[in-house]
Amino acid sequence: EAQVTQNPRYLITVTGKKLTVTCSQNMNHEYMSWYRQDPGLGLRQIYYSMNVEVTDKGDVPEGYKVSRKEKRNFPLILESPSPNQTSLYFCASRPRGQKLTAHHSPLHFGNGTRLTVT
Amino acid sequence: ELKVEQNPLFLSMQEGKNYTIYCNYSTTSDRLYWYRQDPGKSLESLFVLLSNGAVKQEGRLMASLDTKARLSTLHITAAVHDLSATYFCAPGGSQGNLIFGKGTKLSVKP
């Protein structure tokens, strides 16, 4: 089954304790992205990646890191989490290429990771 | 910078009624998406609109796109409880990313 898999689904941690949220897709998609969702703010992009070894900042990158060593994986790293990073996080992917079918393909979302930082 | 505004942000409807959600965006985009999110769930793609005048329909939902006005609408016909969810519009940005509106939380009551 084609899917984007995030882990963990729920995570409670304390301020300053480094954590990683994993994201993996099995659709051979070039483009991957992380969003955070907060009440009243919608979805805001944190980082995105056009392909392996290529990453770029989104709208709210402060306090986050990502890496894209392999096509299928795009982990989100919080080196020193703070309470303002308490949020619902979504990983998403889509194909990217010259063909219009790829360019127009919608994002496929993972099931989300609810993070609480105390 | 592409900005997206959805209206209304909250919508309480009675079953059987019609209503429209509006999505305005600030700069040119060559595609626009509508997503649905159920409480506690992920986002599900509903429609992809690719050209001026495009109209797509699925059941009681119909989406349209006016690229000249930078406006997309999501029309709900004869609402039923199962349509209760949050709906997001997302025009495509220049880097291949999507810029999401804040969402419209729809509640359909009997």
Side-chain angles (χ1 to χ4, degrees), chain A residues 2-6 9-10 23 25 27 29-51 54-61 66 74 88-114, chain B residues 1-10 21 23-27 29-52 54 56 58 63 65 67 72 74 85-106:
Chain A
Q3 58 186 2
V4 179
T5 303
Q6 292 178 232
R9 291 292 309 277
Y10 302 91
C23 174
Q25 50 93 6
M27 296 170 280
H29 286 168
E30 290 82 6
Y31 182 95
M32 296 186 75
S33 183
W34 278 101
Y35 289 87
R36 62 178 286 174
Q37 183 177 22
D38 302 288
L41 296 177
L43 278 88
R44 294 178 293 168
Q45 191 176 45
I46 303 171
Y47 269 95
Y48 63 97
S49 170
M50 299 282 203
N51 214 325
V54 180
T55 62
D56 282 292
K57 295 178 180 179
D59 297 320
V60 287
V66 293
F74 191 44
L88 178 59
Y89 291 86
F90 286 102
C91 179
S93 73
R94 58 183 283 270
R96 182 177 180 270
Q98 297 302 316
K99 290 183 180 178
L100 285 178
T101 50
H103 180 65
H104 295 149
S105 178
L107 278 172
H108 299 260
F109 282 84
N111 285 329
T113 296
R114 187 166 291 281
Chain B
E1 182 187 349
L2 178 57
K3 295 194 181 299
V4 184
E5 186 174 315
Q6 270 184 250
N7 285 293
L9 297 182
F10 298 93
I21 298 170
C23 174
N24 289 92
Y25 53 99
S26 60
T27 62
S29 176
D30 62 353
R31 61 206 187 285
L32 187 136
Y33 304 83
W34 283 95
Y35 283 85
R36 168 181 173 146
Q37 184 182 34
D38 293 302
K41 303 289 186 182
S42 185
L43 283 83
E44 172 193 356
S45 176
L46 292 174
F47 300 110
V48 180
L49 302 168
L50 301 173
S51 60
N52 188 41
K56 294 250 180 110
E58 179 76 31
L65 179 62
T67 57
S72 181
L74 182 66
T86 299
Y87 294 86
F88 293 92
C89 68
S94 58
Q95 298 298 319
N97 55 339
L98 299 188
I99 310 299
F100 284 82
K102 292 184 178 178
T104 296
K105 186 172 183 179
L106 172 66

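Chain letters run A, B, ... following the sequence lines, proteins first, then strands; residues in each count from 1.
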Exercise: identify the closest heavy-atom pair between [X] and [Y]:
X	Y	answer
A:Leu107	B:Tyr35	N-OH, 2.8 Å
B:Ser42	A:Phe109	OG-CB, 3.2 Å
A:Gln37	B:Phe88	NE2-CZ, 3.4 Å
B:Asn97	A:Gln45	ND2-OE1, 3.2 Å

Between CG of A:Leu43 and NZ of B:Lys102, what distance do you get to the nearest 0.5 Å?
->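 It is 12.5 Å, given to the nearest 0.5 Å.
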
By a 4.5 Å heavy-atom criterion (distance strictly below it), what part of B:Leu98 contacts chain A: side chain, backbone, both, or neither?
->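 Both the backbone and the side chain of B:Leu98 come within 4.5 Å of chain A.
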
Largest heavy-atom contact set with chain B, pairs under 4.5 Å, which of A:His108, A:Arg114, A:Met50 = A:Met50

